[in-house]
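Nothing fancy with the numbering, it's 1 onward along the sequence.
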Amino acid sequence: MNHPILYSYWRSSCSWRVRIAMNLKEIPYDIKPISLIKSGGEQHCNEYREVNPMEQVPALQIDGHTLIESVAIMHYLEETRPQRPLLPQDVHKRAKVREIIEIICSGIQPLQNLIVLIHVGEEKKKEWAQHWITRGFRAVEKALSTSAGKYCVGDEISMADCCLVPQVFNARRFHVDLRPYPIILRIDRELESNPAFRAAHPSNQPDCPPELPNK
């Protein structure tokens with residue numbers, strides 16, 4: 001049986017979320033790299049537009065289907081491969097996981113995504129990204145203050161953790177001061193040595209530039 005194919009870019013946080021989820025669920029998969037910068041962005045070529053009409057990563061070919069959007073993909077994996085669950089059984093805890101996911105995936109990451117930063121312009125992109133990440137992390141930290149145990153929601157890894165770690169990486173990339181967010185930092189430290197998270201890290205991707213092994 002062929003492995004699922006994940007169209008991914010090494011530094012894409014949306015791709016990263018899916019890589020973490022698939023690793024946690026121990027789903028073997030193959031990566032097809034899509035460079036977001038080479039030749040003006042391979043995501044804009046006609047061939048890839050047929051895979052993902054949004055011209056973004058990730059896209060996942062699995063079970064004879066092609067799925068786009070990282071959160072939809074993670075929910076599909078949860079529903080079709082419920083072993084090693086990434087959503088709690090408790091209804092309120094599930095809602096908290098989804099709350100944190102929404103803050104990150106709707107309220108932070110899209111506003112500092114590559115396509116937005118190109119529109120904002122080189123001179124203002126760092127200030128822009130810092131503003132929206134800081135605003136969002138205040139909300140995440142507040143949410144975690146009532147939900148976190150060892151991880152974002154209680155003591156089991158969830159989809160919220162899959163989304164948090166890549167966003168912390170983005171925050172560091174844009175030199176956001178993370179000292180006001182001790183819970184976020186603690187959870188990120190807790191997860192950095194987890195094998196599923198470590199394997200999904202940008203530096204461990206086949207398309208990571210060789211001169212940037214630790215970036």
Side-chain angles (χ1 to χ4, degrees), residues 6 8 10-27 29 57-58 60 67 69-110 112-113 132-134 136-174 176 178-205:
L6 178 64
S8 172
W10 66 283
R11 201 167 61 184
S12 157
S13 57
C14 298
S15 301
W16 190 350
R17 299 167 193 158
V18 176
R19 296 194 301 258
I20 295 169
M22 295 187 78
N23 292 345
L24 287 167
K25 287 183 171 289
E26 299 184 1
I27 303 168
Y29 62 97
V57 289
L60 180 66
L67 304 173
E69 299 297 336
S70 61
V71 176
I73 291 170
M74 288 193 293
H75 279 289
Y76 178 84
L77 297 176
E78 184 72 0
E79 291 168 2
T80 59
R81 292 152 176 85
Q83 65 277 17
R84 301 177 183 85
L86 296 178
L87 284 174
Q89 289 297 312
D90 179 81
V91 175
H92 178 254
K93 288 183 177 180
R94 280 187 175 228
K96 294 300 292 185
V97 168
R98 292 180 174 126
E99 176 183 291
I100 294 164
I101 289 172
E102 282 294 324
I103 295 170
I104 295 170
C105 300
S106 297
I108 306 176
Q109 190 275 331
Q112 46 96 107
N113 201 12
W132 293 109
I133 294 171
T134 298
F137 268 15
R138 285 199 298 266
V140 172
E141 185 77 7
K142 178 68 174 177
L144 293 175
S145 70
T146 61
S147 71
K150 189 176 182 181
Y151 304 113
C152 283
V153 179
D155 295 328
E156 301 296 329
I157 294 174
S158 71
M159 290 184 198
D161 301 288
C162 297
C163 296
L164 180 68
V165 168
Q167 188 56 55
V168 173
F169 179 92
N170 283 344
R172 290 193 174 108
R173 181 177 163 220
F174 291 111
V176 172
L178 295 175
R179 289 174 296 179
Y181 316 112
I183 307 175
I184 289 175
L185 286 174
R186 177 182 60 75
I187 294 169
D188 183 67
R189 284 193 301 269
E190 186 71 41
L191 291 166
E192 65 182 2
S193 60
N194 181 289
F197 283 77
R198 193 166 62 243
H201 192 277
S203 64
N204 292 319
Q205 301 315 301

Where Pro202 and Phe169 come nearest, the two heavy atoms and their spacing: CG-CZ, 4.1 Å
Donor-acceptor under 3.5 Å (Gln112 side chain, Ile133 main chain): no
Residue pairs passing the salt bridge (Lys or Arg N to Asp or Glu O under 4.0 Å) test where at least one lies in residues 183-195, sequence neighbours excluded: Lys150-Glu190, Arg172-Asp188
Ignoring hydrogens and angles, write down the donor-acceptor pairs under 3.5 Å from the side chains of residues 88-99, residues two or more places apart or on other chains.
| from | atom 1 | to | atom 2 | distance (Å) |
| --- | --- | --- | --- | --- |
| Asp90 | OD2 | His92 | N | 3.1 |
| Asp90 | OD2 | Lys93 | N | 2.8 |
| Arg94 | NE | Pro88 | O | 2.5 |
| Lys96 | NZ | Glu99 | OE2 | 2.8 |

ring-ring contact (aromatic ring centres under 6.0 Å, His included): pairs with one or both residues in residues 136-156, sequence neighbours excluded: Phe137-Tyr181
Contacts of Arg19 that satisfy side-chain hydrogen bond (donor to acceptor under 3.5 Å, both in side chains) - sequence neighbours left out: Ser8, Gln205
Flag, side chain of Ser147 to backbone of Cys152, donor-acceptor distance under 3.5 Å: yes
Salt bridge (Lys or Arg N to Asp or Glu O under 4.0 Å) contacts in which one or both residues fall within residues 75-86, not counting sequence neighbours: Lys25-Glu78, Glu26-Arg84, Asp63-Arg81
Close side-chain approach of Leu6 to Val57, heavy-atom, < 4.5 Å: no
Donor-acceptor contact below 3.5 Å, side chain Gln167 vs main chain Leu164: no
For Lys142, side-chain contact (heavy atoms from CB on, under 4.5 Å) partners two or more places apart: Ser145
Ile27 side, atom CD1; Gln83 side, atom CD - distance, nearest 0.5 Å: 7.0 Å
Interatomic spacing from CG in Asn23 to CG in Asn204 - rounded to 0.5 Å: 10.0 Å
